[in-house]
Q: 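Take this structure first; my questions come after.
All heavy atoms count here, side chains included; hydrogens, waters and symmetry mates do not. Not measured: the values here are computed from a predicted model. All residue numbers in this chain count up from 1 along the given sequence.
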Amino acid sequence: MTQDLTIPRPDDWHLHLRDGAMLEAVLPETARHFGRAIIMPNLVPPVVTSAQAAAYRDRILAALPDGMSFEPLMTLYLTEDTDPEDVAAAHASGLVKAVKLYPAGATTNSASGVTNFDNVRPVLEKMAEIGLPLCTHGEVTDHDIDIFDREAVFIDRVLDPIRRATPGLRVVMEHITTSNAADYVRSQDKDLGATITTHHLIINRNHILVGGIKPHYYCLPVAKREEHRLALRAAATSGDARFFLGTDSAPHTDSNKLSECGCAGCFTATNTMSLLAHVFEEEGALDKLAGFASENGPAFYRLPVSTQRLTLRKSETAVEFPAKIATADGPVTVFDPGFEVFWAVADD
Ligand code: DOR
Ligand code: ZN
């Protein structure tokens, strides 16, 4: 007995592809299932200018294996020196679909991010004028704020003031991890959306810490209490179009994860669609998966829904995913949900 679920080909509205050998190894994992993805600009050095974004886009397309189709949607990394006119030109040419705000020091390669938000006001005002979305890594970096509170404090101290000061600015709160964020999104107008990762629908903070530390479950924002995971599941499966999929699939080699100071990031590109079908079925919401993974994101970004289709097939045998993806820099561990999964992406 099998069960099929066919949805428009999904998109990933928050993805790390990296560069070089890592890019070559991980790109097929996404392009196999996803038609488009918002590409994070936190390379070393970061993708700050439109010229850098164009060159990065070329490298992504050059790394795409023959026969695969995939459209990278490029972003610019916001710094205090970002030129509003360069941003406007990158948007007008169609190259850039969003600008990414990292509070300086918040996460991997965020050192060039923003410390004084007054210094990026002209860019934000230009973005509001032209309708270019701002993607936010929503965590404050103050040392006196507990890491588990950093998202909720960001909403009050940074996000809400920015949005009040910049009417019309379209914002995506990325990889939300708290009920506070889901509630804030619901309380606002359609200029605010939020992405939710696959792993934050599956793990809470106990999964990281109980019974021994699990570096492959460590990411930023870090997973929170169970009540927050349940709030994210409710938001993702609600059918509310302001919530959509952004995997934040973030590959690091095992040697960089399994270290005294391990990198943040869960690599979920390989099995995300199977895991989402599992989660949505558990929530009795398989009919909401197309909205979350394929329709709500394009609606926010004012792009067409894919005309291609993806079929998920449930069978009676558990699906085997590769434990690791080989790269020339060393293996990358694929996110292990810790339970059996029976949904696979069908080949036809
Ligand atoms: O877990 C994360 N990994 N969170 C981020 O914000 C960045 C990402 C990365 O680039 O590895
Ligand atoms: Zn990310």
Side-chain angles (χ1 to χ4, degrees), residues 5-15 30 33-40 70-73 75 97-100 131-138 159 163 168-179 181-202 228-249 268-269 272-312 343 345:
L5 175 67
T6 298
I7 61 174
R9 192 173 183 206
D11 305 298
D12 185 347
W13 301 96
H14 181 131
L15 176 66
T30 287
H33 300 157
F34 294 88
R36 296 166 289 200
I38 285 277
I39 309 299
M40 286 299 118
F70 175 71
E71 187 184 355
L73 307 174
T75 63
K97 299 292 187 251
V99 171
K100 176 69 189 251
L132 181 62
L134 178 73
C135 294
T136 59
H137 183 105
L159 182 58
R163 294 187 59 246
L169 181 65
R170 309 185 67 240
V171 176
V172 182
M173 278 195 85
E174 301 202 281
H175 42 53
I176 61 169
T177 58
T178 57
S179 60
D183 290 346
Y184 179 67
V185 169
R186 280 194 209 91
S187 73
Q188 301 295 302
D189 59 25
K190 297 273 188 290
D191 284 342
L192 182 65
T195 58
I196 302 178
T197 76
T198 309
H199 48 283
H200 287 114
L201 297 173
I202 294 174
H228 294 293
R229 184 185 74 100
L230 297 178
L232 298 176
R233 279 194 172 214
T237 59
S238 65
D240 186 327
R242 289 170 289 189
F243 299 105
F244 44 94
L245 173 64
T247 66
D248 198 12
S249 181
T268 56
T272 273
M273 289 315 300
S274 295
L275 298 178
L276 287 176
H278 180 101
V279 166
F280 276 63
E281 185 180 42
E282 272 185 351
E283 298 296 321
L286 277 176
D287 60 325
K288 300 293 195 301
L289 183 57
F292 181 70
S294 314
E295 294 164 358
N296 300 347
F300 186 90
Y301 278 93
R302 299 175 175 162
L303 293 168
V305 172
S306 177
T307 53
Q308 297 177 317
R309 295 272 177 275
L310 181 103
T311 296
L312 288 149
W343 288 93
V345 175

Q: Working to the nearest 0.5 Å, report the span between CG of Leu159 and CG of Leu169.
A: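 It comes to 9.0 Å.
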Q: Determine whether a donor-acceptor pair (N or O, by modelled atom type, separation under 3.5 Å) exists between the side chain of Arg36 and the backbone of Asp11.
A: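 No.
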Q: Out of Thr197, Leu15, Thr272, which one pairs with Ser249 under the side chain to side chain contact (heavy atoms under 4.5 Å, CB included) rule?
A: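 Answer to the side chain to side chain contact (heavy atoms under 4.5 Å, CB included) test with Ser249 among Thr197, Leu15, Thr272: Leu15.
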Q: Do Asp248 side-chain atoms and His14 backbone N/O form a donor-acceptor pair below 3.5 Å?
A: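 Side chain of Asp248 to backbone of His14: no pair is present.
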Q: Would you mind checking if Lys100 and Glu174 are paired as a salt bridge, meaning a charged N to carboxylate O distance below 4.0 Å?
A: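 Counted as a salt bridge, because a side-chain N and a carboxylate O are separated by less than 4.0 Å.
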Q: Do Met273 and Pro10 touch side chain to side chain, with heavy atoms closer than 4.5 Å?
A: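 Of all side-chain heavy-atom pairs linking Pro10 with Met273, at least one is under 4.5 Å.
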Q: Does a side-chain heavy-atom distance below 4.5 Å link Phe243 with Val185?
A: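 A side-chain contact under 4.5 Å exists here.
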Q: Any idea which heavy atoms bring Trp343 and His278 closest together, and the distance?
A: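 Heavy atoms of Trp343 and His278 come nearest at CD1-N, 3.8 Å.
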Q: Verify whether the ring centers belonging to His175 and His137 lie closer than 6.0 Å.
A: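 Close enough - the centres of the two rings lie under 6.0 Å apart.
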Q: Any heavy-atom pair between the side chains of Leu201 and Ile196 that's under 4.5 Å?
A: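 Yes - at least one pair of side-chain heavy atoms lies under 4.5 Å apart.
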Q: May I ask you to decide if Tyr184's main-chain N or O and Ser187's side chain share a donor-acceptor pair within less than 3.5 Å?
A: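 Yes, Ser187 side chain to Tyr184 backbone: donor-acceptor pair under 3.5 Å.
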Q: Can you check whether Ile39's main-chain N or O pairs, donor with acceptor, with Thr75's side chain at less than 3.5 Å?
A: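 Pair found, side chain donor or acceptor close to backbone of Ile39.
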Q: Can Phe34 and Leu245 be said to form a side-chain contact (heavy atoms from CB on, under 4.5 Å), step by step?
A: CA-CA 11 Å; Phe34 294 88; Leu245 173 64; 3.8 Å; yes
Q: How about His33 and Leu310: do any of their side-chain heavy atoms sit closer than 4.5 Å?
A: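 Yes, close enough: below the 4.5 Å cut-off.
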Q: Of all heavy-atom pairs between Leu289 and Ala277, which one has the smallest distance, and what is that distance?
A: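 It is CD2-CA, 4.1 Å.
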Q: Please state whether the rings of Tyr301 and Trp13 are parallel, tilted or perpendicular, taking 30° and 60° as the class boundaries.
A: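 Judged by the thresholds at 30° and 60°, the geometry between Tyr301 and Trp13 is parallel.
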Q: Test side-chain hydrogen bond (donor to acceptor under 3.5 Å, both in side chains) on Gln188 and Arg242; report intermediate values, then the result.
A: CA-CA 10 Å; Gln188 301 295 302; Arg242 289 170 289 189; over 6 Å; no
Q: Taking the six-membered ring of Phe300, is the NZ or CZ of Arg170 close enough (under 6.0 Å from the centre) and on axis enough (within 45°)?
A: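 Verdict for Phe300: a cation-pi partner in Arg170.
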Q: Tell me, with the steps shown, if Leu134 and Val172 meet side-chain contact (heavy atoms from CB on, under 4.5 Å).
A: CA-CA 6 Å; Leu134 178 73; Val172 182; over 6 Å; no
Q: How many angstroms lie between atom OG1 of Thr6 and atom CG of Leu312, to the nearest 0.5 angstrom?
A: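 Rounded to the nearest 0.5 Å, the OG1-CG separation comes to 8.0 Å.
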Q: Where do Gly131 and Pro133 come nearest, in terms of heavy atoms and distance?
A: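 Answer, listing the atom of Gly131 first, then Pro133: O-CD, 3.5 Å.
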Q: Might you point out which heavy atoms bring Ala98 and Leu132 nearest each other, and give the distance in Å?
A: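 Ala98 and Leu132 have their closest heavy atoms at N-CD1, 3.7 Å.
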Q: Write down the atom of Ser294, the atom of Val305, and the distance for their closest heavy-atom approach.
A: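 Nearest heavy atoms, Ser294 then Val305: O-CG1, 3.7 Å.
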Q: Output, in order, the C-alpha distance, side-chain angles, deciding distance and verdict of side-chain contact (heavy atoms from CB on, under 4.5 Å) for Arg163 and Leu192.
A: CA-CA 9 Å; Arg163 294 187 59 246; Leu192 182 65; 3.9 Å; yes
Q: Is the closest side-chain heavy-atom distance between Asp191 and Val171 below 4.5 Å?
A: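 Side chain of Asp191 against side chain of Val171, heavy atoms only: no contact under 4.5 Å found.
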Q: Measure across Ser179 and His228 and return the closest heavy-atom pair with its distance rounded to 0.1 Å.
A: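 For Ser179 and His228, the tightest heavy-atom pair comes out as N-ND1, 2.9 Å.
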Q: Take Leu73 and Leu303 through the test side-chain contact (heavy atoms from CB on, under 4.5 Å) and record every step on the way to the result.
A: CA-CA 11 Å; Leu73 307 174; Leu303 293 168; 4.1 Å; yes
Q: Using a 3.5 Å distance criterion without hydrogens, assess whether the side chain of Asp12 forms a donor-acceptor pair with backbone atoms of Ala37.
A: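 No.
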